Structure formats: C-alpha cells, structure tokens
Student: 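Take this structure, written in structure tokens, and hold onto it; I'll ask about it next.
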Amino acid sequence: MKPKRNTHFLLYVAGDGPNSTLALANLNAVCRSRLKESHSIDVIDVFRDPDRAIRDRVFMTPTLIKLSPQPTIKIIGNLSDRAPLLRALGVAPDGT
Amino acid sequence: MKARRTPAPSSQNKAATGISGLDEITRGGLPRARTTLIVGGAGSGKTVLSLQFLVHGARACNEAGIFVAFEESAERIAINAQSFGWDIESLTPGQLTFIDAQPDANVVRSGDFDLEALCAVLDHAIEQSNAKRIVFDALDVVLALLPDAAARRRELYRIHNWLLVRALSGIMTFKAGVDETAWITEQPFGFLQFMVDCAVILNHSVVLGVSQRNLRVQKYRGSSFDENEYPFLIGRSGFELAVIRPIAVLAESSSSERVSSGVERLDTMLNGGYYRGASIQITGFSGTAKSTLAACFAEAACKRGERTLFVSFDSDARELARNLVSVGIDLDKHVESGLLHIVSARSIIGSSETCFVRIKALAFEHEAVCMVVDPVSTWARSVNDLTAPTVGERLIDWSKANGVTLLFTRLFDDVSTEIHVDSPLQISTLADTWIHLNYLVQAGERNRGLSIIKSRGTSHSNQVRELLLSDEGVTLADAYTAGGAVLMGTQRWQKERSERNEAESDEVTRELMRVRLDSEEAELAMRLKSLEIELHAKQVEKALLVRTTDARIGELTRERDHIDELRGRDTPKKRGQRRK
C-alpha cells in the first residue's frame, strides 16, 4: 500500500538479556508513536544465529540495523536514548 | 655451551610465544588458559606480538588461534604480517581465524549495550576451530563506545570471564600513552592490571630522532620473571627481544674460550688469541693499519661461521672491502654469505647516544657474535653532551653482557704524542686487551710496530713486533734490538742477513775443529794400542825371568845340601841354636 515508506529493521539481541528486552520495547514504542507508516522488525538472536551476526558484523548487542529505506544505518544500544535514535531514523525530535 | 639454551619446552601452565627472548624472561611463555594484557602506545608492536603468539601456537604448538581485530581490518593485518615471512597463507583457515570486529565509523549510539554478541560469535568460531589461543587486538576501541566507566568495567569482566571459562590463553591489547603512570591511574582501565594474570608493557620512544623500543613484563601471577626492561626490535622475522644472557652462563663460556685475532703470530703472542666475549682495543696513529688488524679479526670470525658486525666510522662498506683486498682480506665473500654486515656509521646522524642505540640495534638485528667498531674515537669527537664519556664504557658493558666479542680501534691524532690515557673516551682501562700500533722511524724508514700493552688473564709477549702487510695477508715479524733500539724494515733485514752469515762461518769453523779432534783421537788410540802390546811383551819377559830365577835357586840349594851331606854336616838347626 505504502511501499515507499516501509521501514525494515533488523534487531540483533542476545537471548532475553535486559538490554535486549529493553531495546525491543523501546523500538516498538518509537515505531508506534513516531513511525505511523508500515514497518517490520526481524529479531535475530545472536546465540541462535552467530553466522548471521558475523556476516552483518554485529559484535555488540543490542544492535539495530535499519535496512530500508536506504541508507543502511546501524544503531547500537538499548535505544533508551531517544534523541540520537530519532535523528538516525530521520524523524523530528520529540516535542515538535 | 649453554648460552643458546632454548626456553624450557613450555611447562604445563605456559603457552610459548616463539618470540626469542620473551619466552626466556617469562620462563616459558604467557600464562596458559589465562589472560595477558599488552599495553603500549600506537605503533609499539602490540599487534605484531599478539599475532606472532597465534602463528607460533598454530604452527609449533598445534593450538589453533582466533584474532579479533577491533582497529584494523583483518585483511590489512594479514598483509602487514606478510613482511615477516610467517607465511600465514599456508595455515589452514581453522588454524588461524580472523574476525573483523571494527565498529562502523558512523555507528549511532543509543543507550547501553554489551558484548554478548561478540561472545556468541566467538563461541561459534571456537566450536568450529577448537581454538586454544585468542587475541583481542585494541579492545580499547570498542570499550570507548560504552557510555560510562561502569559499563566498560562490566564488559571487561564479561570478556575476562568468558576467556577463563573456556580455558583460553588470551591476549588483550590496549593502547596507552608513553607515560605509563598515566595509564595506571587512568580509569577505567586501571583495574585491568589487577584483573589479568600477566601484564606486558611495550614502549616506543624516540631518543634524539632514533626509534627505541622496550618491553617490560610488569606482572606475572604465579611465575617468576625478569622485571627489567629489554630493548626489542620488529625485525625481518617479527618481534625479537634483546635478552641479556645470564651472567653465570657468560662467565662459563667466556672464561676459557679463545678466538683468533686473524694473525697467527699475534695469537701466539697472546697465548692463543683474544678471549671470547672480551673487549679489545687497538690504538695507533693514522695509517698504522688499525683497520686492517680489525678486519683480520672480522675475517677470522666469519671463517669460523660467526655472525659479525663491522661498524666503520671512516669509510663506507664498499671502500673498506676494496681496500682490504690489497692485503689479502676478502670481506666481500662474507658479506654475500650474510655472515658479515658492514655498516658505515657516517650515515648515522646525531649524538653519540644515537649512535650507541643504533649500533646496539644493528648488532641485535644481525645477531652478531663478534663486533668491530672502527674507530671509536670519531664517535667521541662529534659529541659534546654529557653522555659522551660513558658511551664507550657502556658499549663495552653492553657487549660483555651480551657475550659479544668487541674489537674497537682508537685513533691518536697527533703522531708526536705518546700514549695518552686521558683521552675523551676513558675506556682504555676497561678494555681487556690493548694493542698499540706505532710508527718507528729509523734510517729513513717508517715501519709499523705492534706491541701488546695489556692483556688481562693472559701471559703475553712483551716484545715489540713488526707488522708486515702484503698481498698475502698480515704477518708479524720479530723485531731486532740493537743498542736499545728496535730494528725494523731494511735494518732488520740487514741484521738478519749478517746474523745468517755469522752463523754460516761459525758452522765451518766448528766442522774443522771436529775433524782435527777426530784425527787426534785416532792417533791417541793407535798409541794406546802399541803401548798395550809393549806392556804385554814386558810382562811375558818378566814372568820368564821369575821362573828361571826360581829354578836356579832350587838347584843351588840342592847342590849345597848335597855338599853338606858329603862333608858330614851337623844339623842345621843346631847350628842355628848355637848362634843364639
């Protein structure tokens, strides 16, 4: 329907560690509140799929990769710091 | 000789590094199944050291390794390593795994994170290769991304525990400034020192424009180690540490062994040659063949197959070798075989200290056993800093400590001066053997004289000899003394000839005398013989006389008795009694 604004995320997590859980929650919150358009999130557990982590050069968890739209952006951390996250996603800062 | 003893085949709890020197000072290698911290500034050799640890493990110890690169790409590290001839390509992928873990330059940070993913990825890699050794190169790069000190500390513990649980022999390298004290107090890495089992500090400083690298083991839990700072080189085959051999071993090997001076007669004068590991000083004026004598020593060393460094302050390598051909010394051959390394020290610009550091480095790089510095006096001239007087002494100390036999020459600049002891380099007293070359001018000739001023622990000839240079080589000739003056050159030849003539005429005289005495002896013997015969004749005659006399007496007695009988005699006894 809205193919141009479909945002595709990969979220690398380490099992259900505290930072990983927090990151997924934070990401969902941001998506819901700020990305009204369609979006999809693939969650990858590095313990289950280490090969993919090596391929994507993910060594820190959690790591969020925004695959589309281009350019690809890599964000590390539990996403609790919203300002750099929103800036990276090209979304206006909170409160504007 | 024990000097070249290889480090004890790594004991159960040590992982050998294969780095010459490092295995010796750590008594076998880095702690097995534990963590070693390597700290040093940029370009101090951390990466080379850790990669060599893995390559040695894979090749010599059958222990696979993983190299986690945080700062450089794995490709670049592999390319850099090619120059060391380790032949990394020939290792199978399982033996050495590179993991490219550089953080992306434009990565965005949002909140706290951890290194669980790294551990997961490494677990996977270990499963595949069964690695026993692992290196985290430039771990500080990734830690710097963490938001606060507490997080950094947490992640370090995470990696440390991960290593311990998997019983891996690990190296973590960290960048740190030249100032080590800053590193120790600097948070959050200060506690690292307490966490790890072994800490190695590399420092790379520039002393007056010359790079100088030193390594120090700062800590080694549960093992003895050498605490001193040792210079090291990143040479053709990688990391090499200049370790001073234990003094006891030195004493053992240096006490008795002799090395040839390259001149047969000089060896005889010195009762067998120079002592191995000794310092030999050759002094003399310009043109007294100091360099030639030094080259003899170098050539003899090469002929024994010993690696030799020839540092020339006067001429360049090519010139030197060419000039020496004229006296039958072929150094080119040994330069080509790689045994001899000739360095023109004129190319070393800077203070005496610079030279010293450079010479040490060159000797170490060449693995020199014998070394020539020609002449050491040029070195002193270019110097006016405070370290100057001690440089020569330190060169001697250094060569002794390393078991290098050092021969150095010293120029006396004024031909008229006699030997001065108060030269800028107070090293005459330190040298074990001091040979002085001098000109002796007599009868319009200038000849070279050689004398041994001192030679410790050796009974040596006290005579001045003449040093002869010819295209056959260098020889020594006896010098003649006449009326208190030493005769050399033509005078010596004349003296030799006249002595030869004298000896010849002596011989003739003696021969004549012998013949004369022989004839006299024969004559006497003849006379003795004739006298003996005469004596015999006399004896026979005498015996005959005695016999005839006895016969005559017997006859007379019988005749008298017969007459008495006829006259009717009295008993002769009565007649005798009556007379009384």
Side-chain angles (χ1 to χ4, degrees), chain A residues 9-27 29-30 34 43-66 70-91 93-94, chain B residues 66-75 93 97-129 131 134-148 150-152 154-156 158-159 162 166:
Chain A
F9 291 112
L10 287 181
L11 180 63
Y12 280 92
V13 296
D16 49 3
N19 277 329
S20 299
T21 319
L22 191 55
L24 188 56
N26 282 335
L27 180 61
V30 168
R34 307 304 307 265
V43 178
I44 299 149
D45 186 347
V46 290
F47 294 126
R48 295 226 179 101
D49 200 351
D51 272 331
R52 190 155 179 197
I54 291 182
R55 250 194 335 272
D56 279 341
R57 307 200 334 148
V58 170
F59 303 102
M60 289 155 271
T61 41
T63 296
L64 178 68
I65 299 174
K66 188 198 71 171
Q70 286 292 318
T72 305
I73 289 173
K74 208 175 206 175
I75 303 163
I76 55 171
N78 56 23
L79 310 179
S80 54
D81 193 355
R82 277 172 76 101
L85 173 65
L86 296 177
R87 217 170 22 250
L89 295 179
V91 177
D94 288 324
Chain B
I66 295 176
F67 191 95
V68 187
F70 291 109
E71 197 168 38
E72 287 179 282
S73 73
E75 248 172 53
T97 312
F98 281 99
I99 291 178
D100 212 334
Q102 282 174 282
D104 296 86
N106 49 4
V107 72
V108 178
R109 276 178 299 158
S110 171
D112 193 16
F113 65 93
D114 54 53
L115 296 173
E116 279 291 354
L118 180 66
C119 296
V121 163
L122 291 177
D123 271 333
H124 181 61
I126 287 166
E127 231 168 72
Q128 288 179 333
S129 67
I134 190 161
V135 169
F136 294 95
D137 191 32
L139 197 54
D140 53 302
V141 168
V142 68
L143 290 178
L145 293 172
L146 286 157
D148 53 55
R152 284 174 203 142
R154 185 192 67 212
E155 293 313 311
L156 271 175
R158 187 192 303 281
I159 302 242
W162 180 85
R166 279 150 193 84

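This is a predicted model, so every value here is computed, not measured. Values reported hereafter were calculated over all heavy atoms of this structure, with side chains retained and with hydrogens, waters and symmetry mates removed. In what follows, chains carry the letters A, B, and so on, assigned in the order in which the sequence lines appear, proteins first and then strands, with residues in each chain numbered from 1.
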Student: When only pairs under 4.5 Å are counted, which of Pro84(A), Ala23(A), Pro18(A) shares the most heavy-atom pairs with chain B?
Tutor: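 Between Pro84(A), Ala23(A), Pro18(A), the count favours Pro84(A).
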
Student: When heavy-atom pairs shorter than 4.5 Å are enumerated against chain A, which of Leu122(B), Leu146(B), Val107(B) gives the highest number?
Tutor: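 Most pairs with chain A among the choices: Val107(B).
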
Student: Tell me, for Val68(B) versus chain A, whether the close heavy atoms (under 4.5 Å) come from the side chain, the backbone, both or neither.
Tutor: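 The answer is neither part of Val68(B).
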
Student: Could you name each residue pair satisfying salt bridge (charged side-chain N to carboxylate O under 4.0 Å, His left out) that touches residues 52-62 of chain A, not counting sequence neighbours?
Tutor: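 Every salt bridge (charged side-chain N to carboxylate O under 4.0 Å, His left out) pair that includes a residue of residues 52-62 of chain A, provided the two are not neighbours, is Arg57(A)-Asp100(B).
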
Student: Please report the shortest heavy-atom distance between Ala117(B) and Met60(A), naming the atom on each side.
Tutor: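 So the two residues come closest at CB-N, 3.8 Å.
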
Student: In Å, rounded to the nearest 0.5 Å, how long is the span from CG of Asn78(A) to OG of Ser110(B)?
Tutor: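 Going from CG on Asn78(A) over to OG on Ser110(B), the span is 6.5 Å.
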
Student: When rounded to the nearest 0.5 angstrom, what is the spacing between NE2 in His124(B) and CD1 in Ile54(A)?
Tutor: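 Rounded to the nearest 0.5 Å, the NE2-CD1 separation comes out at 5.5 Å.
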
Student: Between Ile75(A) and chain B, with a heavy-atom cut-off of 4.5 Å, which part of the residue counts as in contact: side chain, backbone, both or neither?
Tutor: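 It is both, since atoms from each part get that close.
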
Student: Quick one: which of Pro103(B), Gly111(B), Cys119(B) has the most heavy-atom pairs under 4.5 Å with chain A, could you say?
Tutor: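 Counting heavy-atom pairs under 4.5 Å, the top option is Gly111(B).
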
Student: Other residues, nucleotides and ligands only: do more than 12 of their heavy atoms fall within 6.0 Å of CG on Asp148(B)?
Tutor: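 Correct, the count exceeds 12.
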
Student: Report the option among Asn106(B), Leu118(B), Asp114(B) that has the most heavy-atom pairs separated by less than 4.5 Å from atoms of chain A.
Tutor: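 Most pairs with chain A among the choices: Asp114(B).
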
Student: Checking heavy atoms, do the side chain of Leu145(B), its backbone, both or neither come under 4.5 Å from chain A?
Tutor: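 Just the side chain, heavy atoms under 4.5 Å.
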
Student: Heavy atoms only: give me the nearest Val121(B)-Ala53(A) pair and the separation to one decimal.
Tutor: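 For Val121(B) and Ala53(A), the tightest heavy-atom pair comes out as CG2-CB, 3.8 Å.
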
Student: Tell me, side chain or backbone of Ile99(B) under 4.5 Å from chain A's heavy atoms, or both, or neither?
Tutor: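 It is the side chain, since no backbone atom gets that close.
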
Student: Test of understanding: with salt bridge (charged side-chain N to carboxylate O under 4.0 Å, His left out), list the residues that count as partners of Arg87(A), not counting sequence neighbours.
Tutor: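 Applying salt bridge (charged side-chain N to carboxylate O under 4.0 Å, His left out) to Arg87(A) gives none.
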
Student: Using heavy-atom distances under 4.5 Å, tell me whether Asp81(A) contacts chain B through its side chain, its backbone, both, or neither.
Tutor: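 Both backbone and side chain.
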
Student: Could you check whether atom CD of Gln128(B) has more than 12 heavy atoms from other residues, nucleotides or ligands sitting under 6.0 Å from it?
Tutor: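 Atom CD in Gln128(B) is crowded, with more than 12 foreign heavy atoms closer than 6.0 Å.
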
Student: Select one option (side chain, backbone, both, neither) describing which atoms of Gln102(B) are under 4.5 Å from chain A's heavy atoms.
Tutor: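 Answer is both: backbone and side chain atoms of Gln102(B) are under 4.5 Å from chain A.
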
Student: Non-hydrogen atoms of chain B under 4.5 Å away: do they reach the side chain of Tyr12(A), the backbone, both or neither?
Tutor: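 No part of it gets close to chain B.
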
